[in-house]
Every structure is written in structure tokens, then in C-alpha cells.
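Worksheet: the structure to be examined is printed underneath.
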Amino acid sequence: MERLFDTDTEVANRNFEQVIEAVQNRDTDSLKTLFSKNAVESSENFEKDAIALFDFFQGEMVSYDDWGGGGADASRNQTGEWKFILSTYDVETDKAQYRFAIKQFTKDTTDPDNIGIDSLYVIRAENSNLQYAYWGEHKWNPGITVE
């Protein structure tokens with residue numbers, strides 16, 4: 001997922017653009033490949049949640065703003081190391097405005113099945129406080145949450 005010398009924001013944005021492409025194409029398989037194996041398995045019904053996301057997201061993307069994106073956290077201990085990126089996006093389509101929050105692991109040496117998107121949240125922009133970055137419900141449940 002991470003290319004040599006890419007910034008966390010570049011990695012997050014590249015993956016987010018792939019999410020939007022899969023959503024607009026209603027492509028469950030492509031969307032699923034962006035998520036970690038563990039997130040898909042931990043989700044109660046990934047395919048159902050993907051369809052709910054496809055139905056919720058209306059229109060073609062006009063633009064997005066990654067103003068709250070690319071924040072990373074990493075750690076190392078005796079058993080291994082991991083890194084994840086938290087990002088938030090404001091998305092405008094030709095029909096509505098949305099806010100996304102994403103947590104994705106780019107490294108986990110103790111469990112490679114964690115690598116990929118762990119959590120994706122989406123809400124209509126008008127249902128959130130636009131002054132602040134959107135971070136879902138801060139629970140970071142595995143899989144897709146449409147609020």
C-alpha cells in the first residue's frame with residue numbers, strides 16, 4: 001500500500017480515490033480489496049454494508065477536500081511494529097455533500113491481515129459540524145459505517 005517516499009497524505013488520498021471509484025461503480029469486489037482481511041472478517045456483513053454505502057452515496061464526485069487527513073500513528077514493541085493513518089474528507093458530488101472518516105493500517109509486522117482500511121465512516125455533511133474534521137463516532141468499528 002505504501003510506496004517508498006510517499007507521504008501519509010499521499011497514501012491516504014490515493015486509497016480514498018480508489019474507495020470513491022469503487023463506490024461510484026458499485027463494485028463490491030474492488031471496495032473489499034481496499035479493506036484489511038481482518039476488517040472484512042470482523043464486519044458483521046461487509047457486502048450488505050457496501051451496498052448500503054453505494055445506495056447512500058449519490059451522484060458523481062465533483063471534488064474532495066482532505067483538510068483533516070493524513071495524520072499517522074506508529075508504534076513498536078518487542079513483538080513488532082505497526083502504523084495507521086487517520087484521515088477525513090469532505091466530498092462534493094453533483095447531488096450532495098458528504099464527510100468520510102477512514103482508519104487504515106499501512107504496516108503491521110505482527111499481523112499482516114490488518115493492513116488496509118480498517119474503518120470507513122460516512123455521513124451527509126449537513127448532519128455534522130462543518131467547523132471541525134469528521135472522525136466518525138471515534139469507535140473505529142471494523143468495516144463500513146453509514147450514519
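Quick caveat, the model's predicted, so the values are computed rather than measured. Sequential numbering from 1 along the given sequence is applied to the chain's residues.
When all heavy atoms of Leu120 and Phe35 are compared, the pair lying nearest together is CB-CZ, 3.9 Å. Between Ala39 and Ile117, the closest heavy-atom pair is CB-O, 3.6 Å. In this structure, Gln24 and Gly59 approach most closely via the heavy-atom pair OE1-O, 3.5 Å.
Salt-bridge formation is not detected for the pair Lys95/Glu60: no Lys NZ or Arg NE/NH1/NH2 atom is positioned less than 4.0 Å from an Asp or Glu carboxylate oxygen. A salt bridge links Asp55 to Arg26: one of the charged nitrogens lies within less than 4.0 Å of a carboxylate oxygen. Ion pairing between a basic and an acidic side chain is recognised when a charged N comes within 4.0 Å of a carboxylate O; Lys32 and Asp27 show no such pairing.
Annotation: the span from Ile115 atom CD1 to Thr109 atom OG1 amounts to 8.5 Å, rounded to 0.5 Å. Atom CD of Glu81 is separated from atom NZ of Lys107 by 3.5 Å, given to the nearest 0.5 angstrom. Separating the NE2 atom in His138 from the OG atom in Ser119 is a distance of 12.5 Å, to the nearest 0.5 Å. Put simply, OG on Ser128 and CD on Glu147 are 9.5 Å apart, with the number rounded to the nearest 0.5 Å. Asp108 CG to Asn114 CG: the interatomic distance, rounded to the nearest 0.5 Å, is 4.5 Å. From Ser63, atom OG reaches atom CE of Met61 across 7.5 Å, with rounding to the nearest 0.5 Å.
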| Could you go step by step and tell me if Asp49 and Thr145 meet the side chain to side chain contact (heavy atoms under 4.5 Å, CB included) rule? | CA-CA 7 Å; Asp49 294 339; Thr145 303; over 6 Å; no

| said: Run Thr79 and Asn77 through side chain to side chain donor-acceptor pair (under 3.5 Å) and show every step you take. | reply: CA-CA 6 Å; Thr79 60; Asn77 62 25; 2.7 Å; yes

| Audit row: Asn15, Gln104, side chain to side chain donor-acceptor pair (under 3.5 Å) steps and yes/no | CA-CA 9 Å; Asn15 291 335; Gln104 60 187 328; 2.8 Å; yes

| message | For a side chain to side chain contact (heavy atoms under 4.5 Å, CB included) check, start with the C-alpha distance between Ile144 and Phe46, then their side-chain angles and the critical distance, and finish with the verdict. | response | CA-CA 7 Å; Ile144 299 168; Phe46 187 88; 3.9 Å; yes

| said: Could you go through Thr33 and Asp29, starting from their C-alpha distance and side-chain angles, then the distance that decides it, and tell me whether this counts as side chain to side chain contact (heavy atoms under 4.5 Å, CB included)? | reply: CA-CA 6 Å; Thr33 64; Asp29 292 334; 5.7 Å; no

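Considering only heavy atoms from C-beta on, Asp66 stays 4.5 Å or farther from Ser87 through its side chain. Inter-residue side-chain proximity for Tyr121 and Trp135 is flagged as unmet; no heavy-atom pair is nearer than 4.5 Å. A 4.5 Å side-chain heavy-atom check between Asn45 and Glu47 finds at least one atom pair inside the cut-off. Side-chain contact between Leu53 and Leu31: present, with at least one pair of heavy atoms (C-beta onward) separated by less than 4.5 Å. Proximity of Phe56 to Phe54: side-chain heavy atoms (C-beta onward) are nowhere separated by under 4.5 Å. In this structure the side chain of Leu86 never reaches within 4.5 angstrom of the side chain of Asp73, judged on heavy atoms.
Annotation: Phe57 is in aromatic contact with Tyr98 [ring centroid separation under 6.0 Å]. The ring of Phe100 has its center no closer than 6.0 angstrom to the ring center of Tyr134.
Here the options are Val122, Val91, Leu130, the test is side chain to side chain contact (heavy atoms under 4.5 Å, CB included), and the partner is Arg99; only Leu130 passes.
The main-chain N or O of Glu21 is found under 3.5 Å from a side-chain atom of Asn25 such that the two form a donor-acceptor pair. With Thr93 contributing its side chain and Gln58 its backbone, the two residues share a donor-acceptor pair below 3.5 Å. For Glu10 (side chain) and Thr7 (main-chain N/O), a donor-acceptor pair under 3.5 Å exists by modelled atom type.
Within a 6.0 Å sphere centred on CD of Glu44, other residues, nucleotides and ligands contribute 12 heavy atoms or fewer.
Between Phe16 and Tyr64, the two ring planes are perpendicular [angle over 60°; tilted spans 30° to 60°].
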